[in-house]
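Take a look at the structure below.
Positions are given from 1, in the same order as the sequence printed here. We use all heavy atoms of the structure for the numbers below, so side chains are in, but hydrogens, waters and symmetry mates are not.
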Amino acid sequence: MIAQNLLTIKNELPENVTLVAVSKTKPIADIQEAYDAGQRVFGENKIQEMVTKFDALPKDIKWHMIGHLQRNKVKYMAHFVNLIHGVDSFKTLKEINKQAKKHNRVINCLLQARIAKEETKFGLSFLDIDEIISSEEFSELQHIKVVGFMGMATFTDNQEQLQDEFTSLANFFSKNQEKNSKLSILSMGMSGDYQLAIKNGSNMVRIGSAIFGVRNYIV
């Protein structure tokens, strides 16, 4: 079933769109099945869980940290994480830089923009992002590379609202891309809204339940 779901989704994704298979809470056997079907990019939202899976699974997997980041846990993944999606403060960037330096690595990061109308969503305002990436302090961070932006839309069925939120980030991304050729990734869209996100410029989508089935949260 997982392999079939993957094939279905991959067949409908444009060539320029990277699929991040969101494997949070899913057992290693499920991830291995997706791996055997050709998937190499997986997203987790808890660092400890990602570390456990990294240790158990093939080493050519690209692990993406997609959840809200706790700075004190960055050190546990600094030796292997491929991309960190949810960076929402300069302090966090500094911590990632510090831990990456210890492993002589440059870690790719996405700055998380707050595009949703919901108060619960994390993220930076567009002004915050502009201030960070134009600051001298930022230019001194040699062990991180901001390669794009990430946004989470409001959890709603209102297509016009979703369209507005995705468009706002896509326009901001394009404007910054003109000034900075390092910016190549716009991560928007999840299982419920990824098709609309792609229409609005997303080139990386985070899909979990449409691949692995409904998640079983342990309360």
Any idea how His79 and His103 line up, ring-wise: parallel (<30°), tilted (30 to 60°), or perpendicular (>60°)?
tilted
Would you call Lys75-Glu95 a salt bridge at under 4.0 Å N-O?
no
Salt bridge (charged side-chain N to carboxylate O under 4.0 Å, His left out) against Arg105, all qualifying residues, sequence neighbours excluded
none
State plainly whether the residues Lys53 and Glu44 are in salt-bridge range, i.e. N to O under 4.0 Å.
yes
May I ask whether Ile28 and Val51 are part of the same hydrophobic cluster, defined by side-chain heavy atoms of I, L, V, M, F, W, Y residues being less than 4.5 angstrom apart, directly or through others?
yes
Minimum side-chain heavy-atom gap Lys101-Gln142 below 4.5 Å:
no
Is there side-chain contact between Lys94 and Glu137, with heavy atoms separated by less than 4.5 Å?
yes
Among all residues two or more places apart in sequence or in another chain, which pass the salt bridge (charged side-chain N to carboxylate O under 4.0 Å, His left out) test with Asp157?
none
Any side-chain heavy atom of Leu13 sitting closer than 4.5 Å to one from Val205?
yes
Report yes or no: is the cationic atom of Arg206 (NZ for Lys, CZ for Arg) closer than 6.0 Å to the six-membered ring centre of Tyr194, at no more than 45° off its axis?
no
Within the structure provided, determine whether Gln159 and Gln163 are in side-chain contact (heavy-atom separation under 4.5 Å).
no
With sequence neighbours left out, the residues meeting side-chain contact (heavy atoms from CB on, under 4.5 Å) with Ala21 are Gln39, Phe42, Ile211, Phe212
Quiz item: cation-pi between Lys199 and Phe166, 6.0 Å / 45°
no
More than 12 foreign heavy atoms under 6.0 Å from CZ of Phe138: is that the case here?
yes
Would a distance-only check, ignoring hydrogens and angles, find a side-chain to backbone donor-acceptor pair under 3.5 Å from Asp30 to Lys26?
no
Compare all side-chain heavy atoms of Asn176 with those of Phe149 and state whether any distance is below 4.5 angstrom.
yes
